[in-house]
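Here's the structure, in C-alpha cells; my notes come after.
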Amino acid sequence: REGNSNQDVADDNKPYEEIFISAKEGDSWSTATALSEVNSPYHESTLALSADGNTLFIYKDENRGDVFISEKQSNGLWNEPVPLPGLINSSYEENSVTISKDEKTLYFSSNRPGGFGGLDIYSASIDAAGQWSNIKNLGPKINSSSDEDGPFIYQDGKTLYFSSKGLKGMGGFDIFKSILDPGTKEWS
C-alpha cells in the first residue's frame, strides 16, 4: 500500500504489517494513509483503542511480541509508541489486548509460564502510579491446554469475547463468550 514505511518483507517473505488510518466523511471513508508517527520498518498492528479514542494499543514483534501504547496529542498526531507501563510485557508473547470502558482493567493473551498451556488470557489492573499490575490468569473456565487469544471486553465490563483452540467447538479458533459474576468474581 502507498505510504508504507518499509517496502521490504519479513523472513517469511510476507510484507511487514503497518498501521493505517481512515476518517469517515459523511457516508464514506477517506483513503487510508499510513500512521507514520507509530510505524517503523518492522511489524506493528493495532490491538485496541481506548473508549475515549486517545490511547492506541499496538503490537510490536519486539521481545517475542510486546504491547506498546501511543497517546493522541492535542494536534491530532500520535506520540511515538512506548512499551506498556507495568508488568504485562515479558520475555514471552503478549499479542492481544482489550481495555475496559473505565480504562482500569486490561485483558491480554500471553504464553508466559504458569498458565494452562499455549496462550492464556489474563487480566491486569492499573495502580495509582499508572502501571499495569495485579496480573491474574482468568482460570480454567476460560483457558485450556491450547491457545486462547483475541480477548474483547464489552462496554458493560463483564462480558468477555475471545477465541480458543482448546475449548469444545468446531475446531481451530472458535469464538466464545463468558460473563463475569460481579458477586463471586468468577467467569461463566
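When a residue number appears, it is its place in the shown sequence, counting from 1.
Residues Ile88 and Ile135 meet the side-chain proximity criterion, which asks for heavy atoms closer than 4.5 Å. Under the 4.5 Å side-chain criterion, counting only non-hydrogen atoms from C-beta, Ser188 is not in contact with Asp181.
How far CZ of Phe152 is from OG1 of Thr98: 5.5 Å, rounded to the nearest 0.5 Å. Distance check: Lys136 NZ to Lys185 NZ gives 9.0 Å after rounding to the nearest 0.5 Å. Atom CG of residue Leu77 and atom OG of residue Ser70 lie 9.5 Å apart, to the nearest 0.5 angstrom. To the nearest 0.5 angstrom, Trp187 atom CH2 is 6.0 Å from Leu138 atom CG. Summarising the geometry, atom CZ belonging to Phe173 is positioned 7.5 Å from atom OG belonging to Ser164; distances are rounded to the nearest 0.5 Å. From Lys158, atom NZ reaches atom CD1 of Ile179 across 7.0 Å, with rounding to the nearest 0.5 Å.
Cluster partners of Ile19, using a side-chain heavy-atom cutoff of under 4.5 Å among ILVMFWY residues and allowing indirect links, are Ile21, Leu35, Val38, Leu49, Leu56, Ile58, Phe68, Trp78.
Ser145 contributes no side-chain N or O that, together with a main-chain N or O of Gly117, makes up a donor-acceptor pair within less than 3.5 Å. Distance alone, capped at 3.5 Å, places no donor-acceptor pair between the Ser163 side chain and the Ile175 backbone. Between the side chain of Ser100 and the backbone N or O of Thr105 there is at least one donor-acceptor pair closer than 3.5 Å.
Ser109 and Asn95 are linked by a side-chain donor-acceptor pair at a separation below 3.5 angstrom, with hydrogens and angles left out of the test. There is no side-chain donor-acceptor pair under 3.5 Å between Asn63 and Asn89.
Contact detail for Ser178 and Phe162: the closest heavy-atom pair is CB-CE2, 4.2 Å. Looking at every heavy atom in both residues, Ser125 comes nearest to Asn134 through OG-CB, 3.4 Å. Across Glu103 and Ala51, no two heavy atoms sit closer than the pair OE2-N, 3.9 Å. A pairwise comparison of heavy atoms in Pro85 and Ile69 identifies CD-CD1, 4.0 Å as the closest pair. Pairing each heavy atom of Tyr122 with each of Gly114, the nearest pair is OH-C, 4.4 Å. The minimum heavy-atom distance linking Ser40 with Glu18 is given by the pair O-OE2, 3.1 Å.
A continuous path of hydrophobic side-chain contacts links Ile126 to Val67 [ILVMFWY only; heavy atoms under 4.5 Å]. Under the 4.5 Å side-chain heavy-atom criterion for ILVMFWY residues, no single connected hydrophobic cluster contains both Ile153 and Ile99.
Among residue pairs with one or both ends in residues 67-84, none qualify as salt bridge (charged side-chain N to carboxylate O under 4.0 Å, His left out); sequence neighbours excluded.
Of the listed residues (Ile121, Leu119, Asn111), just one forms a side-chain contact (heavy atoms from CB on, under 4.5 Å) with Asp147, and that residue is Leu119.
At most 12 heavy atoms of other shown residues, nucleotides or ligands fall within 6.0 angstrom of atom CG in Asp27.
Under the salt bridge (charged side-chain N to carboxylate O under 4.0 Å, His left out) criterion, Glu94 pairs with Arg112, not counting sequence neighbours.
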